[in-house]
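All remarks here apply to the structure that follows.
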Amino acid sequence: CLLVAPGQCKFLYDMALRIARDRQIPIVTYLCDDFYFVTGRRGLGRRTMQRLLRGRIRELMSRTTRAIAICDRLSRQYAETFSVPVHTVMTAADRPLAPEARTAARPSALIYMGNIRCGRSRSLVEIGQTLDRMNRRDGTAYRLRIYTGEQDPKVLEPLKALASVELCGFVSGPAFDAVFDAAELMLHTEAFDPESMDVVRYSISTKIADCLAGGVCLVAYGPPEVASMAYLAEHEAAILVESPEGLEAGLRAAFTDGSLRRKTAENGLRLAAQNHDAEKTQAEVRRILAQAEKRGAAYEENHT
């Protein structure tokens, strides 16, 4: 069978459909991001491109035997829209599961690692502003350390202006592991504006799996409507802040409530073992591909 991970490049769909047709093999579509249900494209050119992309996705899904999606919300959307069996297989953690949850007695810093686009930089600015205000009023020295490869000055300047924010650049390999292993609190964030929410509505950041597997308390700041926040809320796997109005109270709880940090980290580690273990996810993908192969002959007979 042919495993296809669709994206925004339309030539990929032509290649996949031709290979499947020429070799008479079934397609399994892997949905790690949503490109079909996005609605907030601005400008005639972008809307036209989105319409063309949707047409290619519909054609791919019409030839798809089974699909794999990275969260239940995305699975339900595609299953209902395209009448295709969709299996949820969540992203595996790149790191081994921690043997136990770990919590610092007096954490002093939040660690954010990864992409700060899709409006996330604005949410990080709001966190930095709140920490600045708390530090001035309470005499604390809380920090937000951001590890990112972002280079655009327009994105970085608002963060550089905040006393509590440290821009630490991009790290990988042993340096990444060192930062991760020393973290006291990890941070996940999404933006609250409608366009940014539209882009990530059915996405779950790959960094969430790593944060949960690391056994460190995760703080999540973003709107409850997006899949990543809903997932963490369902399993109580993060200290959730779901509105700008609740940001100070949520950050204060994260820094000062040791029992909450411990419970949250333990919940996150259990969730990682359940949904983000690499061996389990690999075995499930192999099982789905084997099922698709067995049904391939019957599927092709009905679609040629």
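For reference, positions follow the sequence shown, starting with 1.
For the residue pair Thr64 and Thr29, a side-chain donor N or O sits within less than 3.5 Å of a side-chain acceptor on the partner. The closest side-chain donor-acceptor pair between Ser196 and Asp193 falls under 3.5 angstrom. If you check the side chains of Asn275 and Tyr231, you find a donor sitting under 3.5 Å from an acceptor. Side-chain atoms of Arg261 and Thr103 form no donor-acceptor pair, as typed in the model, at a separation below 3.5 Å.
At a threshold of 4.5 Å between non-hydrogen side-chain atoms, the residues Val165 and Lys160 do not count as touching. With a 4.5 Å cut-off on side-chain heavy atoms, Val216 and Glu184 do not count as touching. A heavy-atom distance below 4.5 Å is not found between the side chains of Leu2 and Val28. Within the 4.5 Å cutoff, side-chain heavy atoms of Ile116 are placed close to those of Val155. For the pair Arg66 and Val86, the minimum side-chain heavy-atom distance is 4.5 Å or more. Under the 4.5 Å side-chain criterion, counting only non-hydrogen atoms from C-beta, Leu110 is not in contact with Arg143. Side-chain contact between Val125 and Gln129 is present, with heavy atoms from C-beta onward closer than 4.5 Å. Side-chain atoms of Glu248 and Arg137, non-hydrogen and from C-beta on, do get closer than 4.5 Å to each other.
With hydrogens and angles disregarded, no donor-acceptor distance shorter than 3.5 Å links the side chain of Glu236 to the backbone of Ala233. No donor-acceptor distance shorter than 3.5 angstrom exists from the side chain of Asp34 to the backbone of Tyr202, with no hydrogens or angles considered. In terms of modelled atom types and a separation under 3.5 Å, the side chain of Thr264 and the main chain of Cys217 share no donor-acceptor contact. Glu100 places no side-chain N or O within 3.5 Å of a backbone atom of Gly215 that could act as its donor or acceptor partner. Not a single donor-acceptor pair under 3.5 Å links the side chain of Gln151 to the backbone N or O of Pro153. The backbone N or O of Thr91 sits less than 3.5 Å from a side-chain atom of His276, completing a donor-acceptor pair. Although no hydrogens or angles enter the test, the distance criterion places no donor-acceptor pair under 3.5 Å between the side chain of Lys263 and the main chain of Gly258. Looking at Ser121, its side chain never comes within 3.5 Å of a backbone N or O of Arg117 through a donor-acceptor pair. In terms of modelled atom types and a separation under 3.5 Å, the side chain of Asn135 and the main chain of Leu131 share a donor-acceptor contact. Between the side chain of Thr148 and the backbone N or O of Gly114, at least one donor-acceptor pair lies under 3.5 Å.
Contact record, Met229 with Gly222: CE-O, 3.3 Å, taken as the closest heavy-atom pair. Of all the heavy atoms in Met90 and Ile204, the pair that sits closest is CE-CD1, 3.5 Å. Summarising the geometry of Val89 relative to Glu284, their closest heavy-atom pair is CG2-CG, 3.5 Å, with the distance given to 0.1 Å. When all heavy atoms are compared, the tightest approach of Pro224 to Ala230 is O-CB, 4.0 Å. The heavy-atom pair separating Gln77 from Thr81 by the smallest distance is O-OG1, 2.8 Å. When all heavy atoms of Thr281 and Ala92 are compared, the pair lying nearest together is OG1-CB, 3.4 Å.
Between Tyr36 and Phe82, the distance from one ring center to the other falls under 6.0 angstrom. Between Tyr147 and Phe170, the distance from one ring center to the other does not fall under 6.0 angstrom. Taking the six-membered ring where the residue is Trp, the centroids of Tyr78 and Phe37 are separated by under 6.0 Å.
Clustering ILVMFWY residues whenever any of their side-chain heavy atoms sit less than 4.5 angstrom apart, transitively, puts Val199 in a cluster other than the one holding Leu124. Hydrophobic clustering (side-chain heavy atoms under 4.5 Å, transitive across Ile, Leu, Val, Met, Phe, Trp, Tyr) groups Ile208 together with Phe176. One hydrophobic cluster, built from ILVMFWY side chains closer than 4.5 Å, holds both Ile27 and Ile19. Under a hydrophobic-cluster definition in which Ile, Leu, Val, Met, Phe, Trp and Tyr are linked whenever side-chain heavy atoms come within less than 4.5 Å, directly or via other members, Val241 and Val226 are assigned to different clusters. Ile111 and Leu247 fall into different hydrophobic clusters, defined by Ile, Leu, Val, Met, Phe, Trp and Tyr side-chain heavy atoms under 4.5 Å apart, directly or through other members.
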Side chain to side chain contact (heavy atoms under 4.5 Å, CB included) assessment of Tyr30 paired with Val285: CA-CA 10 Å; Tyr30 174 60; Val285 170; over 6 Å; no
Apply side chain to side chain contact (heavy atoms under 4.5 Å, CB included) to Asp132 and Met134, showing your working. CA-CA 6 Å; Asp132 279 359; Met134 292 168 63; over 6 Å; no
Could you please spell out the steps behind the salt bridge (charged side-chain N to carboxylate O under 4.0 Å, His left out) verdict for Asp138 and Arg252? CA-CA 11 Å; Asp138 303 334; Arg252 189 177 303 282; 3.1 Å; yes
Check the pair Leu218 / Ile239 against side chain to side chain contact (heavy atoms under 4.5 Å, CB included), numbers first and verdict last. CA-CA 6 Å; Leu218 177 63; Ile239 296 176; over 6 Å; no
Does the pair Leu3 and Leu289 meet the rule for a side chain to side chain contact (heavy atoms under 4.5 Å, CB included), with working shown? CA-CA 8 Å; Leu3 180 65; Leu289 294 177; 4.3 Å; yes
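We find the CZ-SG distance between Arg76 and Cys71 to be 8.0 Å, quoted to the nearest 0.5 Å. Taking CG of Leu31 as the start and NE2 of His87 as the end, the distance is 11.5 Å to the nearest 0.5 Å. Rounded to the nearest 0.5 Å, atoms CZ (Arg201) and CZ (Arg73) are 8.5 Å apart. Rounding to the nearest 0.5 Å gives a distance of 9.5 Å between CG of Leu251 and OH of Tyr142. Going from atom CZ of Arg145 over to atom CG of Leu187 covers 13.5 Å, rounded to the nearest 0.5 Å. Between the CG atom in Leu74 and the CG atom in Asp33 there is a gap of 8.5 Å [rounded to 0.5 Å].
Stacking of Arg95 on the aromatic ring of Phe180 is recorded, both the 6.0 Å distance cut-off and the 45° axial limit being met.
Shown are Ser205, Ser123, Ser228; of these, the side chain to side chain donor-acceptor pair (under 3.5 Å) with His188 is made only by Ser228.
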